[in-house]
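Structure first, then comments.
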Number of protein chains: 2
Amino acid sequence: MTDEFECDRLDRRRRAITDAARALFIEQGFERTTLGQIVERAGGSLATIYKLFGNKEGLLDAVVFEKAASGENLIREITQCGASPADTLRRLAAVLYERFLDPDDVALVRIVIARSIEDADFARRFFESTAMHTRRALERTFAQWEAQGVRLYGPPDMLAEVFLGLMVSDMQTDAISHGVVARPSAERIAARIEFFLRGAGLA
Amino acid sequence: MTDEFECDRLDRRRRAITDAARALFIEQGFERTTLGQIVERAGGSLATIYKLFGNKEGLLDAVVFEKAASGENLIREITQCGASPADTLRRLAAVLYERFLDPDDVALVRIVIARSIEDADFARRFFESTAMHTRRALERTFAQWEAQGVRLYGPPDMLAEVFLGLMVSDMQTDAISHGVVARPSAERIAARIEFFLRGAGLA
DNA sequence: ACAATCGTGTAATGACTATTACACCTTCGC
DNA sequence: GCGAAGGTGTAATAGTCATTACACGATTGT
């Protein structure tokens, strides 16, 4: 009767709880959200939360890494469909803007950062499974192009860092800091890509 | 008898309290730091804190904006000493790395972000008085160079965004997220600057 | 020195919330 | 239908901490 799976009653409960928790965490942050509010929205009871997630932090863990896992294959799909480097980077930029500036994603990153003050390892794991993942995938792509005879101004790891920094890091930093960031226009994105291609020796 | 000023007894008290508060906020974050701990480290009493800062948030405000104000004239000093654009940007990059990756600064930004979940305006004010300030100063510098006949590939506001994004945003994002970020080597910084100069048409 | 001002130390207030315990009721296999 | 397994709702536990109140002692201007 649910939308996707129905393996078990517990699975439905689990899903309902993480959905409610994610929404509330995004609205109010982790600390201000009480387990009572989550139960109120998801139905069920406190005891179920403790049975499924151990404690409040376990619930945050589940919420955050569920979301982080959902973007894993993104880069690979785009970089492996054989388009030219320039076209690949153009398409990649569009996807990165979409993903990294998504308000829910930004809110989750804020929560991870806030939590990281008390639990640095939590943030490191999140960071490793998102930003680092993206960066290394891109680095491999540059290395692959180089192996195919494309001449690049600079080593793949630097180019990967620079591409990501150039495209979204500054805006993501602004967004995370609650600066008012408008989604950049298509022309603005295009200008940044051309800038990158010139700097990398691809144009 | 104090190091700098001694206008008043209250001023000394104020300084001692914000110093202790800053250190504790950086160590533990805002929420986990109790006013009791601050009193314990700074001496004095709870009543004094309430008299000087109103409440705990007022104290955070004082700590954060005291630090933010200290970097106001940084860009202006560097951009107005008449060096060539390339040299100016080189020197600017060094200063930005120094400042934006300073662990205490990064810890404060984390605190601002955490707080911003509950008070978005707080973060906006911080952001306006730091990152936006830097960006606009840099934008004016590019516009000035253009007016002096330097030809640039792209409008000053885009170049300012791109320069900051390229130099430090990605690393600052990593640092804020508790990713392990090594201070980049001189060669790495130099490579990024050359990358920017190529992209901007300055080399 | 003196008195008034003002910071200090302590303790009380009041509210909040993660976590646990417990007694019902629903669900599912048979 | 029946009985066990396991959610559910409620309430108790227990600790924390911002904030306020208050009586005491130090400091300062005269």
Side-chain angles (χ1 to χ4, degrees), chain A residues 1-2 5-64 111 114-119 122, chain B residues 1-2 5-64 111 114-119 122:
Chain A
M1 292 280 179
T2 49
F5 284 91
E6 193 182 355
C7 312
D8 202 359
R9 204 157 28 115
L10 260 197
D11 274 12
R12 259 179 296 162
R13 222 76 281 292
R14 189 187 186 86
R15 179 66 61 106
I17 292 169
T18 54
D19 282 350
R22 180 175 39 251
L24 284 164
F25 289 164
I26 287 171
E27 280 173 34
Q28 311 177 332
F30 177 66
E31 310 243 23
R32 286 185 93 81
T33 300
T34 72
L35 294 176
Q37 290 175 313
I38 293 171
V39 167
E40 198 178 333
R41 186 175 294 200
S45 77
L46 276 175
T48 310
I49 292 184
Y50 279 92
K51 167 164 291 230
L52 288 174
F53 303 99
N55 56 22
K56 198 184 176 189
E57 291 176 29
L59 179 53
L60 177 65
D61 215 273
V63 164
V64 164
I111 289 166
R115 182 93 199 97
S116 81
I117 295 173
E118 290 156 28
D119 180 0
F122 174 70
Chain B
M1 291 284 178
T2 48
F5 284 90
E6 193 182 353
C7 312
D8 204 356
R9 203 158 29 116
L10 261 196
D11 274 12
R12 260 179 294 162
R13 220 78 281 291
R14 187 185 188 87
R15 179 65 61 105
I17 292 169
T18 54
D19 282 350
R22 179 176 39 252
L24 284 165
F25 289 163
I26 287 171
E27 280 173 33
Q28 311 176 332
F30 177 66
E31 311 241 23
R32 286 187 93 81
T33 299
T34 72
L35 294 176
Q37 290 175 314
I38 293 171
V39 168
E40 200 176 333
R41 187 175 296 202
S45 77
L46 277 175
T48 310
I49 292 183
Y50 280 91
K51 167 165 291 228
L52 289 175
F53 302 99
N55 56 23
K56 198 184 177 188
E57 292 176 28
L59 180 53
L60 178 64
D61 214 274
V63 164
V64 164
I111 289 168
R115 182 92 198 99
S116 82
I117 296 173
E118 291 155 29
D119 181 0
F122 174 70

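In the text below, chain A, chain B and the rest are named by the order of the sequence lines, each starting its count at 1.
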I want to check one thing: is the phosphate of dC16(C), taken as OP1 and OP2, less than 4.0 Å away from some side-chain N or O of Thr34(A)? no

Write down the distance between CG (Leu59(B)) and C1' (dA18(D)), rounded to a whole number of angstrom. 13 Å

Whole-Å distance, Glu31(A) CD to dA15(C) P, equals 22 Å

To the nearest Å, how far apart are Arg12(B) CZ and dT27(D) P? 11 Å

Figure out the CZ/P separation between Arg14(A) and dG7(D), and round it to whole Å. 13 Å

Measure the distance from CG on Leu52(A) to P on dG7(D) and round it to the nearest whole Å. 8 Å

To the nearest angstrom, the CZ-C1' distance between Arg15(B) and dG7(C) comes to 20 Å

Are the side chain of Lys56(B) and the backbone of Thr33(B) linked by a donor-acceptor contact shorter than 3.5 Å? yes

Integer-rounded Å distance: dA18(D) C1' and Ile49(B) CD1: 11 Å

Can you tell which of dG7(D), dA18(C), dG9(C) lies closest to the side chain of Lys56(A)? dA18(C)

Per atom distances to the Leu46(B) side chain, the nearest of dT8(D), dT20(D), dT8(C) is dT20(D)

May I ask you to say whether Arg115(B) pairs ionically with Glu31(B), meaning some side-chain N is under 4.0 Å from a carboxylate O? no

Is there a side-chain contact between Arg32(A) and the phosphate of dT17(C), meaning an N or O under 4.0 Å from OP1 or OP2? no

For a quick test of reading the model, state the closest non-hydrogen atom pair linking Leu59(A) to Ile17(A) and the distance between them. CD1-CG2, 3.9 Å

Does the pair Arg22(B)/Glu27(B) count as a salt bridge with the N-to-O cut at 4.0 Å? no

Closest of dG7(D), dT19(C), dT8(C) to the Thr48(A) side chain is dG7(D)

Ignoring backbone atoms, establish whether Lys51(A) has a side-chain N or O less than 4.0 Å from OP1 or OP2 of dG6(D). no

In whole angstroms, the gap separating C1' of dT19(C) from OH of Tyr50(A) amounts to 4 Å

Checking the side chain of Thr34(B) only, and the main-chain atoms of Gln37(B) only, is there a donor and an acceptor separated by less than 3.5 Å? yes

Report the residue (Leu35(A) or Gly43(B)) whose heavy-atom-nearest nucleotide on DNA chain C is the more 5′ of the two. Gly43(B)

